Amino acid sequence: MFNARITGTGSYLPEKIVSNKDFESILDTSDEWIYARTGIKQRHVIAPHETTSSMAEIAANNALQAAGVDASEIDLIIVGTSTPDRVFPSTACLLQNKLGTGDCVAFDVQAACSGFIYGLGIANQFIKAGGAKKALIIGAEANSRIMNYEDRTTCVIFGDGAGAVVVEASEETGILSTHMNSDGQYQDLLYVNNPIKDQKQDGAQAYMTMHGNDVYKVAVKTLSRIVDETLEANGMVKSDVDWLIPHQANIRIINSVAKKLKMPMDKVVVTIAEQGNTSAASVPLALDKAVRDGRIKPGETVLMEAFGGGFVWGSALVTM
Ligand code: COA
């Protein structure tokens, strides 16, 4: 049986940046409020000609290049997204066409902010079961397209972008374990209404709604618990983890999970100030940043975790 190993990472952020100050003229909000409550200073926003699949394409090509893998070798593509270009075909199919991989398994995972972790977990199972040898896992989101820019409780928080990894079958150690979970009882705390159903109503569009404070409380509890569960499953202790890559939802949530792990903040990859919350893209974007700037080195142990609408949450413990 092979292990599944991350052999390359890549990412993409749209050029346009919207700062907290930019919101002050259109909303009853302030740079001070946004930064103090979330840790966010700015976010990237997709251009009109761009789509989730076009961002995913750039991130995927960067990851392929880093892995030294040609697109034609890829036999599995999983895109974690809640903002697909189309209802169907999947963004993964559109991406497959853009990359020119040839025939392969390609599908989207809709697990909100945990979409990338779910994708990584599924790819891990595929590879260990012999169903794939070289996989592309992407988290990509055009969150600005599901924002209500009159709702200050959501639109200041989310940003756009894409992150990708190549995962290959390997005899070396790689993904140590992945954990996925969900609890649908929280469906009304964080959701996007259904544009297919709602378009029959006059002028209805798909927008995100979040009861932030209630989400916050469950997120802190759940993410702290999953850290313990992940380490326990691997017979490891907190000090065995070299890097924490948390979902970038709120700096206060990140701080409390790091504290629980007894992890100094210089061992936690934090991108939220520059990128906001990019949902499924946030973990692979942060991973790529820390790999490319030389912080994360081969052989180091990385704990990734995410939490999002559903609720749906997950983690991955990985030797790079
Ligand atoms: N600017 C100014 N004031 C704002 C605001 C904004 N952008 N957004 C909300 N407020 C106001 C609220 O209306 C409320 O006012 P009120 O007291 O008069 O009713 C007040 O600020 C406090 O709101 P609250 O929602 O309690 O703030 P908070 O400290 O919980 O921070 C979040 C809000 C969204 C930043 C925070 O709850 C959060 O990060 N939640 C978790 C998000 C998450 O993890 N999501 C899961 C993955 S996507």
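Predicted model, so just to flag it, every value in this text is computed and none were measured. All ligand and atom numbering here is 1-based and tracks the order in the structure.
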Study note, to complete from the structure: If you scan protein heavy atoms around atom 47 (C) of ligand 1, the nearest is Phe307 O, 3.2 Å
Review point. Counting from 1, what ligand 1 atoms have a heavy atom of Asn277 closer than 4.0 Å?
Key: 48 (S)
Check your understanding: Going by distance alone, is a donor N or O of one side chain under 3.5 Å from an acceptor N or O of the other, for Trp313 and Glu305?
Key -> no
**Study point:** Under-4.0 Å heavy-atom contact between protein and atom 35 (C) of ligand 1
**Key:** yes
Review point. Between the side chains of Ser11 and Lys289, is a donor N or O closer than 3.5 angstrom to an acceptor N or O?
Key: no
Exercise for review: Could you tell me whether the side chain of Ser54 and the main chain of Thr51 form a donor-acceptor pair under 3.5 Å?
Suggested key: yes
Point to revise | Identified side-chain contact (heavy atoms from CB on, under 4.5 Å) counterpart of Phe116 within the set Leu285, Val79, Val165, Val109 | key: Val165
Review point. Between the side chains of Thr81 and Asp108, is a donor N or O closer than 3.5 angstrom to an acceptor N or O?
Key: no
**Study point:** For ligand 1, the portion of Ile253 having any non-hydrogen atom under 4.0 Å away
**Key:** side chain
Exercise for review: Provide the number and element of each atom of ligand 1 under 4.0 Å from a heavy atom of Asn250.
Suggested key: 35 (C), 36 (C), 38 (C), 39 (O)
Check your understanding: Looking only at distance, does Asn213 have an N or O less than 3.5 Å from an N or O of ligand 1?
Key -> yes
Study note, to complete from the structure: To atom 4 (C) of ligand 1, the nearest of Tyr216, Trp33, Trp313 on a heavy-atom basis is Trp33
Study note, to complete from the structure: heavy-atom search around atom 1 (N) of ligand 1 in the protein gives Thr29 OG1, 2.6 Å
Study note, to complete from the structure: among protein heavy atoms, the one nearest atom 46 (C) of ligand 1 is Val215 CG1, 3.5 Å
**Study point:** Steps toward side-chain hydrogen bond (donor to acceptor under 3.5 Å, both in side chains) verdict (Thr230, Ser315)
**Key:** CA-CA 7 Å; Thr230 307; Ser315 66; 2.7 Å; yes
Exercise for review: Under 4.0 Å from a heavy atom of Thr38: give me the atoms of ligand 1 that qualify, with their elements.
Suggested key: 35 (C)
Check your understanding: Between the candidates Arg37, Glu32, His247, Arg252, which shows the shortest non-hydrogen contact distance to atom 22 (C) of ligand 1?
Key -> Arg37
Point to revise | Atom indices of ligand 1 within 4.0 angstrom of Cys113 heavy atoms, with elements | key: 47 (C), 48 (S)
Practice item. For atom 11 (C) of ligand 1, find the nearest protein heavy atom and state the residue, atom name and distance (0.1 Å precision). Key: Arg152 NH2, 3.6 Å
**Study point:** Selection from Gly310, Gly212, Ser82, Ser30 by shortest heavy-atom distance to atom 37 (O) of ligand 1
**Key:** Gly212
Exercise for review: Output yes when Glu24 and Lys21 qualify as a salt bridge under the 4.0 Å nitrogen-oxygen rule, no when they do not.
Suggested key: yes
Review point. Is it true that Asp160 and Arg43 make a salt bridge, defined as a side-chain N closer than 4.0 Å to a carboxylate O?
Key: no
Check your understanding: Using a distance-only test with no angle check, is there a side-chain donor-acceptor pair under 3.5 angstrom linking Ser177 and Asn234?
Key -> yes
Exercise for review: Would you mind listing which atoms of ligand 1 come within a distance below 4.0 Å of any non-hydrogen atom of Ile157?
Suggested key: 34 (C)
Check your understanding: Are the side chain of Asn193 and the backbone of Met208 linked by a donor-acceptor contact shorter than 3.5 Å?
Key -> no
Point to revise | Val156 contact mode with ligand 1 (heavy-atom cut-off under 4.0 Å) | key: side chain
Practice item. Please check atom 16 (P) of ligand 1 for a protein heavy-atom neighbour under 4.0 Å. Key: no
Review point. Atoms of ligand 1 less than 4.0 Å from Thr153 heavy atoms?
Key: 8 (N), 9 (C)
Exercise for review: Evaluate the salt bridge (charged side-chain N to carboxylate O under 4.0 Å, His left out) criterion for residues Glu73 and Lys134: first the C-alpha distance (whole Å), next the side-chain angles of each, then the deciding distance (0.1 Å), finally the verdict.
Suggested key: CA-CA 7 Å; Glu73 299 173 65; Lys134 294 189 192 218; 2.9 Å; yes
Check your understanding: Which atoms of ligand 1 are found less than 4.0 Å from any heavy atom of Ala249?
Key -> 43 (C), 44 (O)
Exercise for review: For the pair Glu168 and Arg5, evaluate side chain to side chain contact (heavy atoms under 4.5 Å, CB included) and give the outcome as yes or no after the intermediate values.
Suggested key: CA-CA 5 Å; Glu168 295 184 58; Arg5 212 167 77 80; 5.5 Å; no
Review point. Is there a protein heavy atom at a distance of less than 4.0 Å from atom 19 (O) of ligand 1?
Key: no
